[in-house]
Amino acid sequence: SDVCSSDLSHAAASAGLEAYQKGDFDEAKRLFDADHEAYPDSPEHAYNAGTSAYQKGSFAEAVDLFGRALQSENSAFRSKASYNIGNSLVKLATSNRRTADRPALENAITQYEEALRLDPDLSQAKENAERVREFLKKLDELLPQYDVVVVADYGHGLLTERAVHLICARAKFLAVNVQVNAGNRGF
């Protein structure tokens, strides 16, 4: 998710932007959060705080902050906020076992569609919505058909805890724990 490029009137916003661009997300979050507290009704400040929350892995907080950014009168800005809500929901649904997966993923699709309605040129929103739809469709179609499901991504990130939970919940029978990657990461 990109930091909003609009000019913000408070010095903490530019310091936060600088920290964000340098990859210092701890400092960016601290500065953007302070700026958002100072200007709680500003969609731009909420958006910036959302970007740093996203980068820090605080996806539920990012959803909330990007949701506040939807109050902007600028439709292009609202499109970016909707797009980032979608991204945050996908991360939330695939990274935390306690999060309901399907409703969050379906909501992500809705947010991507809203982003496209507001900005038809935002092709990444269309691509992300299609990926999520395809993921849900494949799971619904394939998992009930098989007695054994083997998925290997060799540490590339497909097998998040949430994805493992989703596969386990839909599998007919589950009794295998396989480690196949040389990095010794996995489930």
Side-chain angles (χ1 to χ4, degrees), residues 1-101 104-105 107-108 110-112 114-115 118-119 121-125 127-129 131-132 153-165 183-187:
S1 61
D2 294 331
V3 173
C4 174
S5 60
S6 64
D7 290 335
L8 301 177
S9 61
H10 194 267
S14 28
L17 180 60
E18 184 177 322
Y20 186 94
Q21 290 171 337
K22 288 181 180 177
D24 186 354
F25 301 121
D26 289 324
E27 182 66 5
K29 182 160 179 18
R30 185 185 71 74
L31 292 166
F32 285 152
D33 285 350
D35 197 48
H36 177 60
E37 286 179 28
Y39 300 95
D41 296 329
S42 166
E44 292 81 5
H45 291 102
Y47 183 92
N48 285 348
T51 61
S52 58
Y54 180 91
Q55 292 296 341
K56 295 288 296 159
S58 299
F59 303 119
E61 180 184 7
V63 168
D64 178 59
L65 290 163
F66 289 133
R68 294 177 193 191
L70 292 174
Q71 302 305 312
S72 174
E73 294 179 15
N74 180 321
S75 63
F77 188 78
R78 287 194 321 272
S79 175
K80 289 174 65 175
S82 287
Y83 171 77
N84 283 317
I85 290 171
N87 288 343
S88 300
L89 286 167
V90 168
K91 289 287 191 176
L92 191 62
T94 59
S95 67
N96 186 338
R97 287 181 186 238
R98 290 175 297 277
T99 303
D101 56 280
L105 292 172
N107 191 1
T110 300
Q111 291 298 323
Y112 291 137
E114 177 64 8
L118 293 167
D119 182 0
D121 295 328
L122 188 57
S123 61
Q124 191 63 46
E127 292 171 21
N128 287 3
R131 282 187 195 124
V132 174
D153 79 342
Y154 302 95
H156 294 289
L158 172 67
L159 289 178
T160 63
E161 287 186 45
R162 189 68 199 149
V164 169
H165 180 71
N184 200 27
R185 296 179 305 196
F187 297 91

For residues [X] and [Y], is any side-chain donor paired with an opposing acceptor at under 3.5 Å?
X: H45; Y: R68; result: no
X: D35; Y: N48; result: no
X: N84; Y: Y47; result: yes

Would you mind reporting whether [Y] and [X] have side-chain heavy atoms less than 4.5 Å apart?
X: L70; Y: I85; answer: yes
X: L105; Y: L89; answer: no
X: E44; Y: F77; answer: yes
X: D26; Y: D24; answer: yes
X: N87; Y: F59; answer: no
X: V132; Y: V90; answer: yes

Which heavy atom of [X] sits nearest a heavy atom of [Y], and at what distance?
X: G50; Y: A62; value: O-CB, 3.7 Å
X: A46; Y: A69; value: CB-N, 4.2 Å
X: R78; Y: E73; value: NH1-O, 3.3 Å
X: Q111; Y: S82; value: CB-O, 3.3 Å

- Can you list the steps and then say if S88 with F66 is a side-chain contact (heavy atoms from CB on, under 4.5 Å)? CA-CA 9 Å; S88 300; F66 289 133; 3.6 Å; yes

- Kindly assign one of parallel, tilted or perpendicular to the pair Y20 and F25, based on the angle between their ring planes and the thresholds 30° and 60°. perpendicular

To the nearest 0.5 angstrom, please state how far the [atom1] atom of [X] sits from the [atom2] atom of [Y].
X: L31; Y: H36; atom1: CG; atom2: NE2; answer: 14.5 Å
X: S58; Y: K91; atom1: OG; atom2: NZ; answer: 13.0 Å
X: E127; Y: L122; atom1: CD; atom2: CG; answer: 9.5 Å
X: S79; Y: L118; atom1: OG; atom2: CG; answer: 5.5 Å

- Output yes when a side-chain donor or acceptor of S52 lies under 3.5 Å from a complementary backbone atom of A49, and no otherwise. yes

- Query: So, Y54 side chain and V63 main chain: donor-acceptor pair closer than 3.5 Å or not?
  - Reply: no

